[in-house]
Every structure is written in C-alpha cells, then in structure tokens.
Trainee: 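Before we start, here is the structure in question, set down as structure tokens.
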Amino acid sequence: MVPLAAEVCNGFLIMSFGAAPPILFVIGPTGTGKSALALQVARELDAEIVNCDSRQVYADFPCITAQPSAEEKARCAHHLYGFLPSTKSMDAGKFVRMAQDVLADLQSRGKLPVLVGGTGLYMRSLVYGLAPIPDIPQDIHERILTLCQEQGPGKLHHRLQDEDPDTASRLHPHDWQRITRALEVYAATGRPLSWWIRMHPCDQPRYAAKSIGLWSDLEVLTPFLQARIENMCAQGAVQEVEQAWRRCPDESVPGWSGIGCWELLQAFLGRWSLEEAKRAWLKNTRAYAKRQLTWFKKEPSIDWWSPGQDISIVQAVKDWLGHSGVGTK
RNA sequence: GGAGGGGUACCCAAGUGGCCAAAGGGAGCAGACUGUAAAUCUGCCGGCGUAAGCCUUCGGAGGUUCAAAUCCUCCCCCCUCCA
C-alpha cells in the first residue's frame, strides 16, 4: 500500500490511501489465548504480529505481562514487545505513532499486520486516530499534578468548568486523571480538550480492520486466570520481580503498576505473603478482564468467537482476505 | 466449675431505645472512559417494585415499651483468663 495523495488539512498532514489498508485485530480479555491464535494466523498467512497491549511493552516483565517467548518470536516476527524500560511511560499517542510506522513497514513488504492485545483504547486510537494534541511539556504536567495533590480533584474540576465546561460536564469530580489531563491540554495548547475533539472527531476508520474477538464470560475465565498465575510463578515471575527491583527500585514508576508486578513486589518487599499477593493478583486480573469486556462489548463490528476455535477462525480470516483481495500469499 | 469478652447482612466491622434496611471497609455485580487505559472513575449491593412503598432481618425464644440491633429473662454457641 502506497499513499496516493497527501493533502494538508487544518495544518496537519493527512495521508489518504487508495483503499484503507487491511489489518487484523485479535482482541479480547486477558487470558483467552489471543497470542496463540495470532501465532496460528501468522503461520497460515503471510503475517507479522504487532503488540496492541499497554503492558507487554515493558522489558522488565516478559513473564508477568505474558509476552511471546523467544521461541515464538523466532517462529514469527513480533513488533513492539518488551522494548520499554520501567521508568518510561506509554500512552495511546506514542503507541499510535509507533504502530503506524510498523504498519507502514509491513504494508510496504506485503505482510498482513496482526495486532494482538487487550488495550481497547490503543486499538481504537490506532484505527480511528487521535486528535493531534501535542505532547504536554513535562513541567506543565507536573505542575498540574502537584496542584491536584494539594487541592484535590474537586477544586480542579471546578477550575475545568471555567476552562473547558464541555469536558468538565462529562467528567466526575473525582476523576483526577482525566481532569488533570484536560487541564494540561488547555494549559499547554491554549485550547480546551473538547475543542480538539470537536475539530478532530476521529470517527472514520483509517484501516480496513477486521476484528476477531475472543469472548469468555468471567466465571469461565477465572479458573484459567488462576492457573495462569500459578504457571507464571512456575515460569519465574517472582525472580522477574526481584531482578526488576534490582534494576529499578522505585515503585512509583510506570512499569511497576502492571497487574501481578505490583502485587508480587509487595510480597518481595515483605508487606504481603506470597499467598496474599497471588490472591490480589487474581482479583485485580479479574477486575481488569471485566473492564476489558465492558469496553469491547460496545466496540462495533467485532467478530466474536469462543476461545479454542482457532482453526475456524483462521478460515474466517482467509475468507475475509479473499474478499478484500489483499495480503494473501 | 468460677471470672470476663463476644455473637450484626456474603466476609470484616460500627451502631447501646425512635433520625436503622442498619455507618465504614472488603468481596460481588453493572457501567463510563480521545495520550497513565493492566490506568482512572462511577453506580448498585436483604427481598419484591420503575417509583412511592410494602415485606423479612442484627445467635434463639419470650418479655418491657407508643417504639428494640440497642433494655430485661431464659437458652444456645464462640474466645480469653482462673480452677
């Protein structure tokens, strides 16, 4: 796929493609076997796998975040896994920029990108784009965060009602993370967040995305999540935490907030027993899976399957590619 | 056998006459979410009901009172100490 035309629109370069390039998503809650399915698809089609998960980017936690093994990576090219130090943060904007580069590369080589992951926001941002809000300067970010700590989110919400009433009206006064984000955007750009969104509604897909969803109800999923935790511990999750702590002994850093990482760290630091840590790990994983289900439920046009139907799914993907006429060997 | 402490909703736990279907926390359930998203936040959470409301709850059985989770009597269980 090669851009046919480039046009300037509102000062931003918009690439328009002759046809939206095809990409495949494999999504669903954690622990449903997305990675294995993606590998299966990649083996049968000329595809490469691209991470679409906010946690599998961290280099320190390959086991706990269930990144592909060396053997799996040898079998098929994997992109955007395990490259980020724990001190660095990830966000949807960075992800979209990186993923776009990878996709462009794959398309130029005629490979089908298979995006695998559970981060709904990243998936949506990649397909529909994000308002082109510039990165917020660190000093502004820190200033507003400090303000929030000192004054509390309620005060800031009040301030947001002046600066960006539209955003304020849709945010709960306790939602400090989104409130500070909105204030940052205004402070850094002089425009309210709602203005950016109005100018760039991001309601048109930029790729011909096919989404395979692996659905599993929580009750069904829970025993698998439990087993996976035990499995991860057997695979060296505890040692992974020890090593990560040696490299980065600062809990407040982004990498440590991953589910399982933080809980095991509590055990490693002697605050919890290993059993307590595992219990919290499972509970938090379950809650996370539930949030994922809630998100994906309302995501449009996902082709839902039950876990374990990989062969039929591969066939469905082939049919889709046949119809779209691109990307097959 | 004696002395003391205690039994409250799925769990922990506050409540010592009316403002109590009962604080708070946890768990559970549902949801929101355009750059921290494995994050952040919200709602529900005895039963029936859209609601007003009705019904059944504070170990059990009686009693006092206009009114009891709260006071009295007896009984059952648990814990600590003394023997």
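Hydrogens, waters and symmetry mates are skipped; everything else that's a heavy atom, side chains included, is used.
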Trainee: Give me the distance, rounded to whole Å, that separates B:C29 from B:A37 when you measure between the P atoms they each carry.
Mentor: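 Going atom to atom, P in each nucleotide, I get 24 Å.
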
Trainee: Of A:Ser125 and A:Thr65, whose nearest nucleotide on RNA chain B comes first from the 5' end?
Mentor: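 Result of the comparison: A:Ser125.
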
Trainee: Walk along nucleotides 28-33 of chain B from 5' to 3' and tag each nucleotide B, S or - by protein heavy-atom contact under 4.0 Å, base first, then sugar-phosphate.
Mentor: SSSSBB

Trainee: Between A:Trp256 and A:Tyr58, does a ring-ring contact (aromatic ring centres under 6.0 Å, His included) hold up when you go through it step by step?
Mentor: CA-CA 10 Å; A:Trp256 276 113; A:Tyr58 283 108; over 10 Å; no

Trainee: How is A:Thr285 classified with respect to the nucleic acid when contacts are heavy atoms under 4.0 Å: base, sugar-phosphate, or nothing?
Mentor: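 Nothing, no nucleic acid heavy atom in range.
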
Trainee: Using the ring of each side chain (for Trp, its six-membered ring), is A:His174 parallel, tilted or perpendicular to A:His172, with breaks at 30° and 60°?
Mentor: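 Taking A:His172 first and then A:His174, their aromatic rings stand perpendicular (interplane angle over 60°).
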
Trainee: Using the C1' atom as the reference point in each nucleotide, state the distance between B:G15 and B:U57 in Å, no decimals.
Mentor: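 Between the two C1' atoms, the distance is 16 Å.
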
Trainee: For A:Asp135 and A:Tyr288, take the nucleotide of RNA chain B holding the closest heavy atom to each; which residue's nucleotide lies nearer the 5' end?
Mentor: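 That would be A:Asp135.
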
Trainee: What's A:Leu171 touching, base or sugar-phosphate or nothing? Going by heavy atoms closer than 4.0 Å.
Mentor: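 Counting heavy atoms under 4.0 Å across all strands, no contact is made by A:Leu171.
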
Trainee: Considering only heavy atoms, which members of residues 226-258 of chain A lie under 4.0 Å from some atom of RNA chain B?
Mentor: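 Nucleic-acid contacts, sorted: A:Ser257, A:Gly258.
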
Trainee: Just name whichever nucleotide pairs with B:A13, Watson-Crick or G-U, keeping both distances under 3.5 Å, else none.
Mentor: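 With both distances under 3.5 Å required, B:A13 matches none.
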
Trainee: Quick one: sort the A:Phe296 and A:Trp304 rings into parallel, tilted or perpendicular, breaks at 30° and 60°.
Mentor: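 Ring orientation of A:Phe296 relative to A:Trp304: perpendicular.
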
Trainee: Figure out the CD1/P separation between A:Ile144 and B:U40, and round it to whole Å.
Mentor: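 Whole-Å distance recorded here is 19 Å.
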
Trainee: Should the pair A:Glu71-A:Arg75 be classified as a salt bridge under the 4.0 Å nitrogen-to-oxygen rule?
Mentor: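 Looking at A:Arg75 together with A:Glu71, the answer is yes, because their closest N to O distance falls below 4.0 Å.
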
Trainee: Using the P atom in both, what is the distance from B:G47 to B:U40, to the nearest Å?
Mentor: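 Going atom to atom, P in each nucleotide, I get 30 Å.
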
Trainee: Residues from residues 87-97 of chain A sitting under 4.0 Å of RNA chain B, heavy atoms only?
Mentor: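 Heavy-atom cutoff 4.0 Å gives A:Met90, A:Asp91, A:Ala92, A:Gly93.
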
Trainee: Between the main-chain N or O of A:Thr65 and the side-chain N or O of A:Gln56, is there a donor-acceptor pair closer than 3.5 Å?
Mentor: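 Yes: the side chain of A:Gln56 pairs with the backbone of A:Thr65.
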
Trainee: Partners of A:Lys94 by side-chain hydrogen bond (donor to acceptor under 3.5 Å, both in side chains), sequence neighbours excluded?
Mentor: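 Result, side-chain hydrogen bond (donor to acceptor under 3.5 Å, both in side chains) vs A:Lys94: A:Ser89.
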
Trainee: May I ask you to verify if any side-chain N or O of A:Ser54 is less than 4.0 angstrom from the OP1 or OP2 atom of B:A38?
Mentor: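 Looking at the OP1 and OP2 atoms of B:A38, one of them is under 4.0 Å from a side-chain N or O of A:Ser54.
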
Trainee: Looking at A:Arg97 and A:Asp135, is there a salt bridge between them, counting it only when a charged N and a carboxylate O are closer than 4.0 Å?
Mentor: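 Salt bridge flag = yes for A:Arg97 with A:Asp135.
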
Trainee: Separation of A:Lys34 atom NZ from B:A38 atom P, in whole Å?
Mentor: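 The answer, rounded to whole Å, is 10 Å.
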
Trainee: In whole Å, I'd like the distance from the CD1 atom of A:Ile179 to the P atom of B:A39.
Mentor: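 Rounded to whole Å, this separation is 19 Å.
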
Trainee: Describe the nucleic acid contact of A:Gly260 in one word from base, sugar-phosphate, nothing, applying a heavy-atom distance below 4.0 Å.
Mentor: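 A:Gly260: no heavy atom of the nucleic acid under 4.0 Å.
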
Trainee: Quick one: look up who B:A3 pairs with, Watson-Crick or G-U, both distances under 3.5 Å, and put none if it's unpaired.
Mentor: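 B:U80 - that is the nucleotide pairing with B:A3, both distances being under 3.5 Å.
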
Trainee: In whole Å, what is the span from the CH2 atom of A:Trp176 to the P atom of B:U42?
Mentor: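 After rounding, the reported distance stands at 12 Å.
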
Trainee: Base, sugar-phosphate or nothing for A:Tyr128? Non-hydrogen atoms, less than 4.0 Å.
Mentor: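 Here A:Tyr128 touches no strand at all.
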
Trainee: Take atom C1' in B:U80 and the same atom in B:C74, then report the distance between them in whole Å.
Mentor: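 Nearest-Å result for B:U80 against B:C74 at atom C1': 25 Å.
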
Trainee: Using a 4.0 Å heavy-atom cut-off, does A:Asp53 contact any base of the nucleic acid, only the sugar-phosphate backbone, or nothing at all?
Mentor: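 Contact class for A:Asp53: base.
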
Trainee: Only pairs with both distances under 3.5 Å count, Watson-Crick or wobble alike; so what is the partner of B:G18 in this structure?
Mentor: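 WC or wobble partner is B:C66.
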
Trainee: Nearest to the side chain of A:Leu193, which nucleotide is it out of B:U36, B:A38, B:U34?
Mentor: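 Out of B:U36, B:A38, B:U34, the nucleotide with an atom closest to A:Leu193's side chain is B:U34.
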
Trainee: Under 4.0 Å between any heavy atoms, over every strand shown, what does A:Ile64 touch: base, sugar-phosphate, or nothing? Just pick one.
Mentor: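 Base, at least one base heavy atom under 4.0 Å.
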
Trainee: Applying a 3.5 Å limit to both distances, which nucleotide forms a Watson-Crick or G-U wobble pair with B:G46?
Mentor: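 Answer to the pairing question: B:C55, which forms a Watson-Crick or G-U pair with B:G46.
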
Trainee: If we only count heavy atoms from C-beta on, is the A:Thr30 to A:Gln292 side-chain gap below 4.5 Å?
Mentor: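 They are in side-chain contact.
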
Trainee: Grab the NE2-C1' distance between A:His174 and B:A39 for me, whole Å please.
Mentor: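 Rounded to whole Å, this separation is 18 Å.
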
Trainee: Looking at A:Lys278 and A:Glu230, does any basic side-chain N land under 4.0 Å from a carboxylate oxygen?
Mentor: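 Looking at A:Lys278 and A:Glu230, the cut-off is met.
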
Trainee: In terms of base orientation, is B:G35 syn or anti, with the syn window spanning 90° either side of 0?
Mentor: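 This nucleotide is in syn.
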
Trainee: Taking side-chain hydrogen bond (donor to acceptor under 3.5 Å, both in side chains) as the definition, give me every residue that meets it alongside A:Asp175, ordered by chain and number, with sequence neighbours left out.
Mentor: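 Partners of A:Asp175 under the side-chain hydrogen bond (donor to acceptor under 3.5 Å, both in side chains) test: A:Arg178.
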
Trainee: To the nearest 0.5 angstrom, please state how far the CD1 atom of A:Ile302 sits from the NZ atom of A:Lys297.
Mentor: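 Reported value, rounded in 0.5 Å steps: 12.0 Å.
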
Trainee: Ion pair present between A:Asp166 and A:Arg170, side-chain N to carboxylate O less than 4.0 angstrom?
Mentor: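 Looking at A:Asp166 and A:Arg170, the cut-off is not met.
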
Trainee: Taking atom C1' in both B:U50 and B:A39, what distance in whole Å separates the two?
Mentor: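 Here B:U50 and B:A39 have their C1' atoms 35 Å from each other.
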
Trainee: Would you call A:Leu45 and A:Lys318 a side-chain contact if the rule is heavy atoms closer than 4.5 Å?
Mentor: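 Of all side-chain heavy-atom pairs linking A:Lys318 with A:Leu45, at least one is under 4.5 Å.
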
Trainee: If we take the P atom in both B:A22 and B:C76, what is their distance in whole Å?
Mentor: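 Looking at atom P only, B:A22 and B:C76 are 34 Å apart.
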
Trainee: Rounding to an integer number of Å, can you tell me how far A:Asp166 CG sits from B:U34 P?
Mentor: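 So the CG-P distance, A:Asp166 to B:U34, works out to 14 Å.
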
Trainee: Please measure how far the C1' atom in B:C10 lies from the corresponding atom in B:G62, and state the result in whole Å.
Mentor: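 My reading of the C1' atoms in B:C10 and B:G62 gives 30 Å.
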
Trainee: Would you measure the distance from the C1' atom in B:A68 across to the matching atom in B:C19 and give it in whole Å?
Mentor: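 Each nucleotide's C1' atom is 15 Å from the other's.
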
Trainee: May I have the distance from A:Gln56 (atom CD) to B:U36 (atom C1'), rounded to whole angstrom?
Mentor: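 Answer to the nearest Å: 17 Å.
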
Trainee: Between A:Glu142 (CD) and B:U36 (C1'), how many Å, whole number?
Mentor: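 About 14 Å, once rounded to whole Å.
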
Trainee: For A:Val220, which residues count as a side chain to side chain contact (heavy atoms under 4.5 Å, CB included) partner, sequence neighbours excluded?
Mentor: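 Partners of A:Val220 by the side chain to side chain contact (heavy atoms under 4.5 Å, CB included) criterion, ordered by chain and then number, come out as A:Ser216, A:Asp217.
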
